[in-house]
Amino acid sequence: MKSGEKLDVGEIYGINVLGKATYDSPLRLSKKRGDDIFNFVKEDDKILQDISLREFKKCLADNKEPFAMERAGPREKIYFNVKKTKAAIVTCGGLCPGINNVIRSLVMGLTYFYGVKEILGVRYGFEGLNPAYGHGFVDLTPAFVKDIHQFGGTILGSSRGGQDVGVMVDTLYENGVDLLFTIGGDGTLKGADAIGEEIKKRGVDISVIGIPKTIDNDVNLIDKTFGFETAYHVANPIIRDAHNEATGAYNGIAIVKLMGRDSGFIAASAAISMSVVNFVLVPEMHFELEGENGFLEVLKKRLDTKHHAVIVVAEGAGQNLFKKDKKEQETDASGNIKHGDIGLLLKTEIAEYFKKNDRQVTIKYIDPSYIIRSAPANPGDSIFCNGLAYHAVHGAMTGRTRFVVGRVNNRYVYLPISAVTNKRKKINMEGGFWYTVLESTGQPFEMR
Ligand SMILES: Nc1ncnc2c1ncn2[C@@H]1O[C@H](COP(=O)(O)OP(=O)(O)OP(=O)(O)O)[C@@H](O)[C@H]1O
Ligand SMILES: O=P(O)(O)OC[C@H]1O[C@](O)(CO)[C@@H](O)[C@@H]1O
Ligand SMILES: [Mg+2]
């Protein structure tokens, strides 16, 4: 392609809008550079998805515009009349550090940036949008939320389990809600999109916004979800102490099981952050216990040389070892598969194997379980939660709908909900992150 020639407009992650934004933003921001005042974000400001030069050159060669997404932030024109705007906030799914920070910053942002006067707190997840449960609403004001960031959990309560989308939209409409902020994981975001679809069908003016929350960090496309960093931060000293237990006995083995239903980011990050771990087992890998290259044999070799071992296992790892029939698979209220307890299975299998091989071992099994997700957000997550909430408020006021706010390549962006829910983010076993895990643990590429 010759210089100066225009690229074809390629695919971008287009976001639905309720209509044209016609009101002037009440924010006193600048429109020009060089005046030391933050500028409104221009509508054509996009962030590249893949920042490698090779990918960019490939797009140039194919005469295609690279994949890009909207930069998040305040716009000059907004859609909603701030004098009449009413918002609602709902939190769904499992707990996660930082939920209260997000609620607090949404309330502060809506109130102080745009002058929104009424914000409803929906109780106990999507249940709270079904009047049959009788949960009622909480009035969220700056005075009410000012201290909540100091606590873990969610002041609104949460739930799993499906609700009738029509009933939820009726509730929003009947209560005059213009903006619905949903804070949750993949399930919540799918629910939010379904609500947005129903709103569109009815032709009503309600924006639906998603703020991705999950300690598992399994939301597609975005750099990370809030709460993930705190979760592995809490796991870090637990691993340190597990190592003390392992080295405190001849042939001591410590097993730490961490959450991570389908993605092993918590286990892997915790292990790299406290690099005394010798084996990390995650759902993304296939490993066997038996056999010449199986996990038990590799563990034996490790004990023969070092006489202790620390194993960190993600709850969704090694599910192939349970040999369950598809029909026997149990699910929770939201349809998430309940996994077999890999921590206990490892403990039993390791004990039996070394007994059979006539070797003395001491096994300590540690399952911190919910402890890693019920803590308050650490400083890194607190900063992140603030940023997500403020950017969500700015996006919502413009009439954008069915979108999530997230960070991609270290920038805040808006993405359609469907782009982040159509696939679960998993550790790339050929990627640099997993390679770091192998470098840090010294475990083999394969154990099967
Ligand atoms: N496809 C869907 N359509 C409508 N609602 C859904 C859909 N999937 C999930 N939900 C609802 O979203 C809520 C939260 O889902 P879920 O329990 O799976 O948690 P999550 O948001 O994925 O968070 P976590 O990371 O803790 O799993 C539940 O009330 C669930 O019924
Ligand atoms: O027992 P609960 O509350 O349903 O949630 C457990 C699940 O939630 C998660 O923490 C995700 O939020 C998973 O890692 C875990 O499997
Ligand atoms: Mg989920």
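Whatever order the structure lists them in is the order used to number ligands and atoms, beginning at 1. Values below: all heavy atoms of this structure, side chains included; hydrogens, waters and symmetry mates excluded.
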(Q) Below 3.5 Å, N or O to N or O, backbone or side chain included: is there any such pair between Gly184 and ligand 1? (A) no
Q) Can you list the atoms of ligand 2 that are under 4.0 Å from a heavy atom of Asp216? A) 11 (C), 13 (C), 14 (O)
Q.
For the residue pair Asn236 / Ser273, report whether a side-chain donor-acceptor contact shorter than 3.5 Å exists.
A. yes
Q.
Give me the residue, atom name and distance of the protein heavy atom closest to atom 5 (N) of ligand 1.
A. Gly191 CA, 3.2 Å
Q: Among all protein heavy atoms, pick the one closest to atom 19 (O) of ligand 1 and tell me residue, atom and distance.
A: Arg160 NH1, 3.1 Å
Q. What are the atoms of ligand 2, with element, lying closer than 4.0 Å to any heavy atom of Ile215?
A. 10 (O)
Q) Would you say Phe126 has any N or O atom under 3.5 Å from an N or O of ligand 1, going by distance alone? A) no
Q | ligand 2 contact by Gly185, heavy-atom criterion under 4.0 angstrom | A | no
(Q) Under a 4.0 angstrom heavy-atom cut-off, which atoms of ligand 1 come close to Gly162? (A) 31 (O)
Q. N/O to N/O below 3.5 Å, does that happen between Cys92 and ligand 1?
A. no
Q | atom 22 (O) of ligand 1 [closest protein heavy-atom partner, distance rounded to 0.1 Å] | A | Asp186 OD1, 2.5 Å
Q: Measure the distance from atom 1 (O) of ligand 2 to every protein heavy atom, then report the residue, atom name and distance (to 0.1 Å) of the closest one.
A: Tyr370 OH, 2.5 Å
Q) Are Asp223 and Arg407 within salt-bridge range, i.e. N to O under 4.0 Å? A) no
Q: Measure the distance from atom 29 (O) of ligand 1 to every protein heavy atom, then report the residue, atom name and distance (to 0.1 Å) of the closest one.
A: Gly161 O, 2.6 Å
Q.
When you measure from the side chain of Asn220 to the backbone of Thr421, do you find a donor-acceptor pair of N or O atoms at a distance under 3.5 Å?
A. no
**Q.** Residues, nucleotides or ligands: over 12 heavy atoms within 6.0 Å of Phe322 CZ
**A.** yes
Q: Please check if the side chain of Arg160 supplies one atom and the backbone of Gly93 the other of a donor-acceptor pair under 3.5 Å.
A: no
**Q.** Where ligand 1 meets Thr214 - atom numbers and elements under 4.0 angstrom, heavy-atom basis
**A.** 25 (O)
Q.
Considering Arg373, Glu197, Arg261, Glu127 one by one, which has a heavy atom nearer to atom 27 (O) of ligand 1 than any of the others?
A. Arg261
Q. Identify the closest protein heavy atom to atom 15 (C) of ligand 2: which residue and atom is it, and at what distance?
A. Glu315 OE2, 3.0 Å
Q) What residue and atom, counting heavy atoms only, is the protein's closest point to atom 6 (C) of ligand 1, and at what distance? A) Gly187 O, 3.6 Å
**Q.** Atoms in ligand 1 flagged as close to Lys213, the criterion being non-hydrogen separation under 4.0 Å
**A.** 23 (O), 24 (P), 25 (O), 26 (O)
Q.
Among all protein heavy atoms in this structure, tell me which lies nearest to atom 2 (C) of ligand 1, with the distance rounded to 0.1 Å.
A. Lys190 CB, 3.7 Å
Q: Please lay out, stage by stage, how Phe295 and Phe279 fare under the test ring pair (Phe, Tyr, Trp, His ring centres under 6.0 Å).
A: CA-CA 9 Å; Phe295 173 66; Phe279 299 98; 5.3 Å; yes
Q: Tell me, yes or no, whether the heavy-atom count around Phe137 atom CZ, taken from other residues, nucleotides or ligands under 6.0 Å, exceeds 12.
A: yes
Q: Could you tell me how the ring of Phe445 sits relative to the ring of Tyr435: parallel (under 30°), tilted (30 to 60°) or perpendicular (over 60°)?
A: parallel
Q | Proximity winner for atom 4 (O) of ligand 2, if only heavy atoms of Met259, Lys213, Arg160, Lys338 are counted | A | Arg160
**Q.** Nearest non-hydrogen protein atom, atom 18 (O) of ligand 1
**A.** Asn336 ND2, 3.1 Å
Q. Looking just at side-chain N and O atoms, do Ser105 and Asn386 make a donor-acceptor pair shorter than 3.5 Å?
A. yes
Q | Per-atom contacts, ligand 1 versus Ser334 - under 4.0 Å to a heavy atom | A | 15 (O), 16 (P), 17 (O), 18 (O), 28 (C), 30 (C), 31 (O)
Q) Any idea how Phe113 and His394 line up, ring-wise: parallel (<30°), tilted (30 to 60°), or perpendicular (>60°)? A) parallel
Q. Starting from atom 21 (O) of ligand 1, which protein heavy atom do you reach first, and at what distance in Å?
A. Thr188 OG1, 2.4 Å
Q. Do the rings of His243 and His308 sit parallel, tilted or perpendicular, given the 30° and 60° boundaries?
A. perpendicular
Q. Does a sphere of radius 6.0 Å around NZ in Lys425 hold more than 12 heavy atoms from other residues, nucleotides or ligands, not counting ones at 6.0 Å or beyond?
A. yes
Q. Among the N, O or S atoms that Asp186 has, which is closest to the Mg ion (ligand 3)?
A. OD1
(Q) For Lys200, is the NZ atom crowded, meaning more than 12 foreign heavy atoms sit under 6.0 Å from it? (A) no
Q. Do Glu297 and Tyr353 get their side chains close enough for a donor-acceptor pair, meaning under 3.5 Å?
A. yes
Q) Is the closest heavy-atom distance from Gln163 to ligand 1 below 4.0 Å? A) no
Q | Atom indices of ligand 2 within 4.0 angstrom of Arg373 heavy atoms, with elements | A | 2 (P), 3 (O), 5 (O), 6 (C), 7 (C), 8 (O), 9 (C), 10 (O), 12 (O)
Q) Do NZ/NE/NH1/NH2 and the carboxylate oxygens of Lys257 and Glu315 come within less than 4.0 Å? A) no
